[in-house]
Amino acid sequence: MKVVILAGGLGTRISEESHLKPKPMIEIGERPILWHIMKIYSHYGFHEFVICLGYKGNLIKEFFADYYFHMSDVTFDLTRGNEMTIHNNVAEPWKVTLVDTGLQSMTGARLSRVRRYLDDGPFMMTYGDGVGDICIPKLLEFHRKTGRKATLTGIQLGARFGVVDVAPDSDIVRGFQEKPREEGAWINGGFMVLEPSVLDYVHDDSGPFEKVALERLSREGELAIYRHAGFWQCMDTQRDKELLEGYWNSGRAQWKVWGDQA
């Protein structure tokens, strides 16, 4: 199953760093947050990624073009014409498709423009700026059990985000609300599972995926919510970045579900 990652936005709320690089390339512990997201999926055996590029997408291409080299030990023999020998590399088992989906494109259009790189079956999708200790196999099991066209991972935070309208005794989303004031509401944390029919809800000129697809799916009763009570954190601002950096440097990065070899 392939994983689509939305990595093309401008990242204006973290402009301290995004004026130099796309937000998914901002580093946590000397690795881009995009790398952290991919490591989460890869830990659970999902190694094929389709990344939607936009703003400064060439930097993401360069990262993967040089990844094997930078993650390996290397010997340069200057006496033999700068001959290079690569030792004990730690390359990931990843297959990464990088797609330029437009500089100003909304998320719906970005998904539409990678359709040709997806298989006929379900796929996963998430944002390129959020990490969590979501158990991907349990998410998939839940999605299959509900039988809906789409499942999003619900996170409980404060009133900073728009939230999902869902009855307390139900797993089916009824709609969305814009930034309510009550505590304990559920927000869309990404980490979605989508059936291929969801691609029919978007096109090359679509607006935000959340508006053109998720809201319509909720009206049709085809959007489920997987409630995640564990750790989740987005990197929307410089303060968020510093928070994540602090977790990582102190050994308290709960999203680090993979081993210590990398």
Side-chain angles (χ1 to χ4, degrees), residues 1-12 22-24 34 37-38 41 46 48-57 60 95-130 134 136 139-140 142-144 146-155 161-166 172-178 186-226 234 236:
M1 186 180 293
K2 293 185 179 180
V3 181
V4 175
I5 302 179
L6 298 168
L10 297 177
T12 54
K23 184 160 66 164
L34 176 62
I37 295 166
M38 295 170 71
Y41 282 101
F46 300 96
E48 291 194 57
F49 299 91
V50 179
I51 301 179
C52 302
L53 305 180
Y55 174 69
K56 294 187 181 294
I60 298 178
K95 181 178 180 180
V96 186
T97 301
L98 304 164
V99 185
D100 183 358
T101 57
L103 180 61
Q104 300 292 339
S105 302
M106 296 294 183
T107 49
R110 294 193 191 282
L111 177 58
S112 176
R113 292 173 186 179
V114 302
R115 182 172 190 162
R116 64 186 182 276
Y117 298 105
L118 300 176
D119 300 325
D120 294 333
F123 61 97
M124 291 179 281
M125 187 172 80
T126 196
Y127 303 105
D129 61 357
I134 293 92
I136 304 300
L139 168 62
L140 281 172
F142 175 85
H143 172 75
R144 290 166 179 152
T146 64
R148 267 30 187 211
K149 292 181 181 179
T151 298
L152 61 80
T153 295
I155 308 297
F161 300 90
V163 305
V164 176
D165 178 15
V166 57
I172 306 304
V173 177
R174 299 182 297 193
F176 294 83
Q177 301 175 24
E178 290 297 325
W186 294 92
I187 72 162
N188 174 12
F191 291 91
M192 306 175 207
V193 185
L194 306 174
E195 294 298 320
S197 58
V198 172
L199 293 167
D200 296 331
Y201 289 65
V202 295
H203 51 78
D204 282 359
D205 297 319
S206 289
F209 177 75
E210 299 74 18
K211 292 286 186 181
V212 300
L214 293 187
E215 289 193 1
R216 178 180 165 189
L217 286 162
S218 69
R219 291 194 299 269
E220 296 174 356
E222 288 291 343
L223 177 60
I225 179 171
Y226 174 75
C234 71
D236 199 33

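Not one N or O on the side chain of S112 forms a donor-acceptor pair closer than 3.5 Å with the backbone of A109. Remark: the backbone N or O of F191 is paired with a side-chain donor or acceptor of T153 at under 3.5 angstrom. Side-chain N or O atoms of R148 include none that pairs as donor or acceptor with a backbone N or O of H143 at under 3.5 Å.
Here E48 contributes atom CD and Y41 contributes atom OH; the two are 14.5 Å apart, rounded to the nearest 0.5 Å. With rounding to the nearest 0.5 angstrom, the OG1 atom of T126 is 6.5 Å from the CE atom of M192. The CD1 atom of I225 sits 8.5 Å away from the CD1 atom of I155 when rounded to the nearest 0.5 Å. We find the OH-CG distance between Y117 and L98 to be 10.0 Å, quoted to the nearest 0.5 Å. Atom OG1 of T146 and atom OH of Y226 lie 12.5 Å apart (nearest 0.5 Å). To the nearest 0.5 angstrom, T97 atom OG1 is 8.5 Å from I51 atom CD1.
There is a side-chain donor-acceptor pair under 3.5 Å between E220 and Y201. Using modelled atom types, one finds a donor on one side chain and an acceptor on the other under 3.5 Å when comparing T101 with R110.
Nearest heavy atom pair, residue I37 against residue G130, reads CG1-O, 3.4 Å. The two residues G54 and L103 make their nearest non-hydrogen contact at C-CD1, 4.3 Å. The nearest pair of heavy atoms linking L223 to L214 is CD2-O, 3.6 Å. Closest non-hydrogen pair, I5 versus M38, comes out as CD1-CG, 3.7 Å. Here the shortest heavy-atom pairing between G175 and S218 reads CA-OG, 3.7 Å.
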Practice problem: Starting from the C-alpha separation in whole Å, work towards a yes-or-no answer on side chain to side chain contact (heavy atoms under 4.5 Å, CB included) for F123 and V114. | Solution: CA-CA 12 Å; F123 61 97; V114 302; over 6 Å; no
Practice problem: Given side chain to side chain contact (heavy atoms under 4.5 Å, CB included), test Y127 with N188 step by step and report yes or no. | Solution: CA-CA 10 Å; Y127 303 105; N188 174 12; 3.2 Å; yes
Quiz item: Under the side chain to side chain contact (heavy atoms under 4.5 Å, CB included) criterion, do C52 and L111 qualify, and how do the steps go?
Solution: CA-CA 7 Å; C52 302; L111 177 58; 5.9 Å; no
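Looking at S206 and M106, their side chains never come closer than 4.5 Å, going by heavy atoms from C-beta outward. Looking only at side-chain heavy atoms (C-beta outward), L194 and V4 stay at 4.5 Å or farther from each other. Side-chain contact between V198 and F209 is present, with at least one heavy-atom pair separated by less than 4.5 Å. Looking only at side-chain heavy atoms (C-beta outward), I60 and P22 come within less than 4.5 Å of each other.
Every ring pair (Phe, Tyr, Trp, His ring centres under 6.0 Å) that F49 has, sequence neighbours left out, goes to W94.
Sorted by first and then second residue, the pairs that involve residues 195-210 and meet salt bridge (Lys or Arg N to Asp or Glu O under 4.0 Å), not counting sequence neighbours, are R115-D200.
Electrostatic pairing of D100 and R113 does not count as a salt bridge here, judged by no charged N lying under 4.0 Å from a carboxylate O.
In this structure, M124 places its CE atom where more than 12 heavy-atom neighbours from other residues, nucleotides or ligands lie under 6.0 Å away.
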